[in-house]
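Report on one structure; see the data block that follows.
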Amino acid sequence: MCGIFGYIGTDNHAAQKTVNGLKDLEYRGYDSWGIAVRSPRAQELYSRKNVGKISGVAEKDFANIVGDMSIGHSRWATHGGVTKKNAHPHFNHDKTIAVVHNGIIENADVLRRRLSEGKRNLFVSETDTEVIPHLIDYHMKMGKSLEDAFVATCGDLKGRFAFVVMHTESDFLLAARSGSPLIIGKGEGEYFIASDIPAFLEYTQVVNYLDDGEYVKLNRTEARFRSFHTQKKIQKKDIPIVFNKEAASKGEWDHFMLKEIVEQKDSLARAINQDDKAIKKIAREIQKARGVFLSGCGTAGKVCMAAEYFFSVVAERHTNFAPSSEFPIYHHFLRPESLLVAVSQSGETADVLEAMKVAKRKKSKVLSLVNVSGSSVARASDYSLLINAGPEKAVASTKAATSQLALLLLIAYATAGKLKEGKELLIGLVGKINDQLNPKYLEYIKKVAEIIFRENDVYIIGKSANYPMALEAAIKIQEVSYIHAEGFAGGELKHGPIALVKKNTPCIALLANDETKDDMLSNVAELKARGAYIIGIAPEDHALFDKWISVPDVGAASPIANLIPIQILAYYLAVLRGNNPDMPRNLAKSVTVK
Ligand code: M6R
């Protein structure tokens with residue numbers, strides 16, 4: 001969680017640059033924001049913080065703040081409420097050291113007690129972060145240089161962190177990483193550091209990734225990398241970035257969520273445009289593994305659950321799905337011949353990384369599917385495939401989810417020795433989705449949203465791989481519209497959930513034109529008999545439906561086709577209820593805490 005941005009260069013408008021950069025990171029956290037700027041000759045660091053979203057802040061309000069070095073933060077609260085005091089940056093007592101931090105310091109309470117001994121009111125916030133500037137200050141008072149104090153502080157901290165430090169009297173920034181992302185952007189006589197690349201993409205397209213256990217010292221002309229465990233120097237290669245700022249900006253669209261839904265016209269094609277050799281190699285690993293586990297969180301977890309059906313139906317291969325937060329419990333079943341398939345859009349989700357750690361401890365192999373190249377998940381994997389969905393900024397995962405589904409379905413076909421057949425099916429799907437995703441289709445689904453947006457409850461049913469899609473549909477509706485939504489396996493209704501259904505309760509049925517269709521129609525009839533208002537998402541209309549949303553008939557790829565109208569429906573439900581679908585309450589785009 002949280003977005004970090006830092007700048008050092010020759011531009012005296014570092015404050016404005018930082019505010020601008022933070023706006024691109026707001027998706028990571030939007031409770032509150034803050035910046036600190038080092039102005040020449042000033043005794044103290046200048047800072048400004050507030051609760052609320054950084055997007056509402058005008059850059060021009062920072063025009064007269066002079067300084068060529070600045071750090072900033074957009075927060076998703078973990079320790080301490082959403083208050084101005086808890087907003088970052090945090091400082092030492094003299095306000096000579098400023099820190100912005102992402103992650104959780106697990107031993108913050110112990111460190112706070114130790115640092116507070118004999119000192120009253122040392123801490124002004126309730127955050128775990130505030131121990132960092134005080135620790136650096138403590139080590140400096142013990143005679144260490146800023147850099148040595150910083151390194152000593154890294155050694156004091158337990159947990160996952162990424163933080164950037166600025167000091168009034170030092171002409172450089174220091175930043176360390178242990179579990180949470182930090183990327184360095186290399187400009188002409190200037191450096192940027194941020195939690196994600198789009199924040200500095202308009203200034204540079206050359207980056208270095210900071211890895212776990214490393215820190216960087218940035219001055220205007222040089223980035224020096226070292227291990228904070230051994231202080232050994234580390235050489236980094238400059239990496240060019242292929243996507244441009246436009247791909248990561250909203251453009252003409254009202255919201256990123258709708259832009260990203262419509263982008264599925266192209267993102268699906270990119271997802272399946274993989275090197276055949278790489279896919280066949282992965283398929284061989286799956287064939288020979290003793291125990292294949294699929295794991296991810298939230299939407300990515302539901303994708304994994306659908307993939308369990310893909311492998312079963314397409315490749316007759318048994319796989320096991322577990323949400324990453326539950327995966328460690330399965331460690332007894334892991335062995336060196338096992339394979340964990342970890343799926344994550346951001347590649348930074350703490351629970352996924354933890355699941356991978358458990359698998360590694362048992363010497364099992366890890367294959368990951370990620371959207372962010374160079375992400376922690378990708379780096380920690382034995383094999384990694386990029387889904388190539390392009391930047392996904394809306395908190396609700398849409399195009400990443402369908403790309404993950406498409407790639408996993410392709411791998412299932414390859415595992416069955418039918419890569420060509422899988423490719424043909426998915427290429428066909430891409431063409432049909434292209435035809436379908438037009439303004440008329442969006443308008444039609446908006447009309448359906450207008451019928452149900454005032455309702456308090458929505459239920460969604462599906463069978464086989466469309467059952468996890470019913471669960472995913474519930475996530476989509478919950479997170480952006482705040483309507484109570486639940487997904488069920490169609491056949492489970494009669495075992496309890498049907499008691500919830502009253503006259504006109506909206507119930508959405510996800511149907512495929514396969515052997516599950518008749519059972520699903522029976523389940524729909526059971527709902528209809530209790531007065532439910534039925535929205536059928538299906539290749540064909542049916543007398544049981546009150547509203548029909550058409551989807552292409554695409555065989556095993558039906559979960560992908562069925563998910564898209566659900567995403568559109570969730571989007572319009574959010575908008576009709578006056579919510580900002582890009583930044584739902586209480587959430588953040590990547591969940592880097594356990
Ligand atoms: O970045 P990841 O794919 O690992 O994120 C996992 C979940 O946090 C994510 O899918 C979340 O459930 C989405 N906001 C749902 O739309």
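In each ligand, atom 1 is the first atom listed, and ligand 1 is the first ligand listed. Computed from a prediction, not measured in an experiment: that's the story for all the values here.
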Margin query: Under the criterion side-chain hydrogen bond (donor to acceptor under 3.5 Å, both in side chains), I'd like the reasoning laid out for Thr402 against Gln264: C-alpha separation, chi angles, the key distance, then a yes or no.
Written below: CA-CA 8 Å; Thr402 50; Gln264 290 174 107; 2.6 Å; yes
Check: By salt bridge (charged side-chain N to carboxylate O under 4.0 Å, His left out), which residues pair with Arg160, not counting sequence neighbours?
Finding: none
Next item on the list: Give the ring-plane orientation class for Tyr330 versus Phe333, where under 30° counts as parallel, over 60° as perpendicular and anything between as tilted.
Entry: tilted
Check: Under the 6.0 Å and 45° cation-pi test, does Arg585 pair with Tyr482?
Finding: yes
Check: How many angstroms lie between atom CG of Leu410 and atom CD1 of Ile272, to the nearest 0.5 angstrom?
Finding: 7.0 Å
Check: Are the charged groups of Glu308 and Arg317 less than 4.0 angstrom apart, N to O?
Finding: no
Please produce the table of protein N or O atoms sitting under 3.5 Å from N or O atoms belonging to ligand 1, one pair a line, distance to 0.1 Å.
{"from": "ligand 1", "atom 1": "1 (O)", "to": "Ser346", "atom 2": "N", "distance (Å)": "2.8"}
{"from": "ligand 1", "atom 1": "1 (O)", "to": "Ser346", "atom 2": "OG", "distance (Å)": "2.6"}
{"from": "ligand 1", "atom 1": "1 (O)", "to": "Thr349", "atom 2": "OG1", "distance (Å)": "3.4"}
{"from": "ligand 1", "atom 1": "3 (O)", "to": "Gln345", "atom 2": "N", "distance (Å)": "2.6"}
{"from": "ligand 1", "atom 1": "4 (O)", "to": "Ser344", "atom 2": "OG", "distance (Å)": "2.6"}
{"from": "ligand 1", "atom 1": "4 (O)", "to": "Thr349", "atom 2": "OG1", "distance (Å)": "2.4"}
{"from": "ligand 1", "atom 1": "10 (O)", "to": "Thr299", "atom 2": "N", "distance (Å)": "3.2"}
{"from": "ligand 1", "atom 1": "12 (O)", "to": "Thr299", "atom 2": "N", "distance (Å)": "3.2"}
{"from": "ligand 1", "atom 1": "14 (N)", "to": "Val395", "atom 2": "O", "distance (Å)": "2.9"}
{"from": "ligand 1", "atom 1": "14 (N)", "to": "Glu479", "atom 2": "OE1", "distance (Å)": "3.2"}
{"from": "ligand 1", "atom 1": "16 (O)", "to": "Thr299", "atom 2": "OG1", "distance (Å)": "3.2"}
{"from": "ligand 1", "atom 1": "16 (O)", "to": "Ser397", "atom 2": "N", "distance (Å)": "2.8"}
{"from": "ligand 1", "atom 1": "16 (O)", "to": "Lys476", "atom 2": "NZ", "distance (Å)": "2.8"}
{"from": "ligand 1", "atom 1": "16 (O)", "to": "Glu479", "atom 2": "OE1", "distance (Å)": "3.3"}
{"from": "ligand 1", "atom 1": "16 (O)", "to": "Glu479", "atom 2": "OE2", "distance (Å)": "2.4"}

